[in-house]
A.B. asks: 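Below are the structure tokens for one structure; questions will follow.
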Amino acid sequence: MVQRIEMKPVNRRDILRICGSGALALLSTSMLPGLVYADAKAVASEIKKLIGDKKMTEGRITIEAPQIAENGNTVPIGFTVDSPMTDADHVQSVHIFADENPSPEVASFHFSPASGKAQANTRMRMIKTQNVVAVAQTNTGSVFMAKAPVKVTIGGCGG
Amino acid sequence: MANFKARIKVPKKAKKGEVFQVKTLVTHKMETGLRKNKKTGKKIPRFIINKFACNYNGKEVFSSNWHPAISANPYMSFYVRAEKSGSLDFSWTDDKGQVGTKSAKIMVTG
């Protein structure tokens with residue numbers, strides 16, 4: 001964003017205006033123009049969309065993520081949900097969210113009792129340092145969640 | 001059918017009831033739709049694989065919906081419990097509706 005300023009006598013009001021727009025420009029470039037970020041609220045509304053108004057309890061999910069990710073383009077991410085994975089009690093789906101990516105959804109995984117283990121690993125993109133949120137839903141209707149912070153050195157979403 | 005280059009890793013043999021790991025890797029750019037063409041300044045349209053599924057002897061055991069936050073050349077590993085000898089069929093579906101498939105055979109003993 002380049003500001004073109006015509007040369008003319010400047011008064012106090014002009015200076016204020018220029019500084020203001022400069023600060024705005026700085027702010028928007030630092031956030032990559034055109035990208036709107038998600039936040040914790042967006043994650044919460046996404047979760048609501050997927051599972052409704054159920055009560056979430058923390059725990060039973062272990063997120064495997066690096067504390068510091070050097071490259072935000074491929075951050076290895078995995079999770080394990082503590083569940084017997086029988087017909088009577090198994091994890092149906094796990095949703096992964098990133099609370100500051102341009103869009104909060106990362107992926108949803110659907111399991112069946114034939115999965116044996118509610119565990120999966122993949123690689124994701126992260127634009128900056130943020131939290132990864134995992135929400136697991138079982139066939140009995142209970143919902144579990146877990147959160148893990150990941151530091152990102154070089155963001156990876158393309159800009 | 002789309003020509004997806006995919007690699008899968010499934011054990012050749014497993015004991016009945018054993019839970020084994022399956023690893024998959026597919027070659028795809030996973031264009032997020034946020035990147036801009038540096039010359040024209042236009043946004044490159046989103047083009048990703050949005051669905052992955054694994055069927056074991058015709059029954060879906062694992063599936064996943066992907067969003068643009070999944071890295072290029074998506075890697076996916078998960079677990080399956082060995083029940084009967086047969087095949088594991090994998091499929092990847094992209095935004096244009098093209099489907100790539102690959103399958104592996106497994107022998108279940110005991």
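Order of the sequence lines fixes the chain letters, A, B, ..., with proteins taken first and strands second; residue numbering starts at 1 for each chain.
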A.B. asks: With a 4.5 Å heavy-atom cut-off, do K151(A) and Q67(A) have their side chains touching?
C.D. replies: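 Side-chain contact under 4.5 Å: no.
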A.B. asks: Counting only pairs under 3.5 Å, give me each side-chain donor-acceptor contact of residues 102-110 of chain B, with atom names and distances, residues two or more places apart or in other chains.
C.D. replies:
{"residue": "K102(B)", "atom": "NZ", "partner": "A6(B)", "partner atom": "O", "Å": "2.9"}
{"residue": "T109(B)", "atom": "OG1", "partner": "A14(B)", "partner atom": "O", "Å": "3.4"}

A.B. asks: Taking side chain as C-beta onward, heavy atoms only, is S142(A) less than 4.5 Å from F144(A)?
C.D. replies: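 When only atoms from C-beta onward are counted, F144(A) and S142(A) do touch, with a gap below 4.5 Å.
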A.B. asks: Looking only at heavy atoms, which two atoms of V80(B) and V61(B) are closest? And how far apart?
C.D. replies: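 Of all heavy-atom pairs spanning V80(B) and V61(B), the closest is CG2-CG2, 4.2 Å.
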A.B. asks: Between E31(B) and R46(B), does any side-chain N to carboxylate O distance fall below 4.0 Å?
C.D. replies: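 Not counted as a salt bridge, because no side-chain N and carboxylate O are separated by less than 4.0 Å.
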A.B. asks: Under the rule for ring pair (Phe, Tyr, Trp, His ring centres under 6.0 Å), what residues qualify as partners of F79(A), not counting sequence neighbours?
C.D. replies: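 Applying ring pair (Phe, Tyr, Trp, His ring centres under 6.0 Å) to F79(A) gives F109(A).
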A.B. asks: Which atoms form the tightest heavy-atom contact between F20(B) and R81(B), and what is the distance?
C.D. replies: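 That would be CE2-C, 4.3 Å.
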A.B. asks: Is it the backbone or the side chain of E60(B) that comes under 4.5 Å from a heavy atom of chain A, or both, or neither?
C.D. replies: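 It is the backbone, since no side chain atom gets that close.
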A.B. asks: With a 4.5 angstrom heavy-atom cut-off, could you sort out which part of L25(B) is near chain A: side chain, backbone, both or neither?
C.D. replies: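 For L25(B), the side chain is the part near chain A, not the backbone.
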A.B. asks: Of all the heavy-atom pairs spanning F97(A) and E105(A), show the shortest one and how long it is.
C.D. replies: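 In this case the closest contact between F97(A) and E105(A) is CD2-CA, 4.0 Å.
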A.B. asks: Sort out for me which of A120(A), P113(A), S115(A) touches chain B most, counting heavy-atom pairs under 4.5 Å.
C.D. replies: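 The answer is S115(A).
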A.B. asks: Given heavy-atom pairs under 4.5 angstrom as the criterion, report whether the side chain, backbone, both or neither of A82(B) touches chain A.
C.D. replies: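 Looking at A82(B), nothing touches chain A.
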A.B. asks: Flag the one option from A107(A), S108(A), G78(A) with the top tally of heavy-atom pairs under 4.5 Å to chain B.
C.D. replies: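 Option with the top pair count is S108(A).
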A.B. asks: Whether the side chain of S93(A) engages the backbone of H110(A) through a donor-acceptor N/O pair (distance < 3.5 Å, no angle test) should be reported.
C.D. replies: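 Side chain of S93(A) to backbone of H110(A): no pair is present.
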A.B. asks: Taking every heavy-atom pair that is under 4.5 Å apart, which of S63(B), G17(B), S71(B) has the most such pairs with chain A?
C.D. replies: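 Ranked by contacts with chain A, first place is S71(B).
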A.B. asks: Distance from H28(B) atom NE2 to I70(B) atom CD1, nearest 0.5 Å?
C.D. replies: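 The NE2 atom of H28(B) sits 13.0 Å away from the CD1 atom of I70(B).
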A.B. asks: Considering heavy atoms only, which positions within residues 86-93 of chain B lie below 4.5 Å of chain A?
C.D. replies: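 Counting heavy atoms that sit under 4.5 Å from chain A, no residue of residues 86-93 of chain B is involved.
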A.B. asks: For chain A, which residues from residues 48-58 of chain B have at least one heavy atom closer than 4.5 Å to it?
C.D. replies: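 Under the 4.5 Å heavy-atom cut-off, nothing qualifies.
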A.B. asks: Just by modelled atom types, is the Y75(B) backbone N or O under 3.5 Å from a matching donor or acceptor in the T122(A) side chain?
C.D. replies: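 Yes: the side chain of T122(A) pairs with the backbone of Y75(B).
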A.B. asks: Side chains of H90(A) and S83(A): any donor to acceptor distance under 3.5 Å?
C.D. replies: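 Short answer, no.
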